[in-house]
Amino acid sequence: MTPHNLPIFLLLEQHPGPVATVLFYESTGKLLALTERYSIKPSPALIREMEQMLGSDTVKIR
């Protein structure tokens, strides 16, 4: 499975918009800035879906 086929990436692609997406890996303390392909339009529905995948209180919009 390539990263582009992972559920989180597929979800991000379904919510295109102007906000850049950055992933933070707590285990390593590393940030990964995603390409424009994964820029999003934040919404309550998107945040809810992301937290269902990643856990509650894991999604931050800044």
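The analysis underlying the following values was restricted to heavy atoms, covering all of them including side chains, and did not include hydrogens, waters or symmetry mates.
Linking Ile, Leu, Val, Met, Phe, Trp and Tyr whenever their side-chain heavy atoms come within less than 4.5 Å leaves Ile47 and Phe24 in two separate clusters. Under a hydrophobic-cluster definition in which Ile, Leu, Val, Met, Phe, Trp and Tyr are linked whenever side-chain heavy atoms come within less than 4.5 Å, directly or via other members, Ile40 and Leu31 are assigned to different clusters. Connection of Val22 to Leu54 is not established within any shared hydrophobic cluster, with ILVMFWY side chains joined at heavy-atom distances below 4.5 Å, either directly or through further cluster members.
Within 6.0 Å of atom NZ in Lys30, 12 or fewer heavy atoms from other residues, nucleotides or ligands are found, so the atom counts as exposed in its surroundings.
Within the 4.5 Å cutoff, no side-chain heavy atoms of Thr58 are placed close to those of Met50. The closest side-chain heavy-atom distance from Pro42 to Val19 is below 4.5 Å. Inter-residue side-chain proximity for Met53 and Leu11 is flagged as met; some heavy-atom pair is nearer than 4.5 Å.
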After noting the C-alpha distance and the side-chain angles of Phe9 and Leu34, does the key distance pass the side chain to side chain contact (heavy atoms under 4.5 Å, CB included) rule?
CA-CA 10 Å; Phe9 289 97; Leu34 302 181; 3.8 Å; yes
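Considering CG of Leu10 and OH of Tyr38, their distance stands at 7.5 Å, rounded to 0.5 Å. A distance of 11.0 Å separates NE2 of His15 from OG1 of Thr21, quoted to the nearest 0.5 Å. In this structure, Gln14 CD and Leu46 CG are separated by 9.5 Å, a value rounded to the nearest 0.5 Å.
In this structure, the side chain of Glu51 engages the main chain of Asp57 through a donor-acceptor pair within 3.5 Å.
Closest of all the heavy-atom pairs between Ala20 and Ser39 is CA-OG, 3.8 Å.
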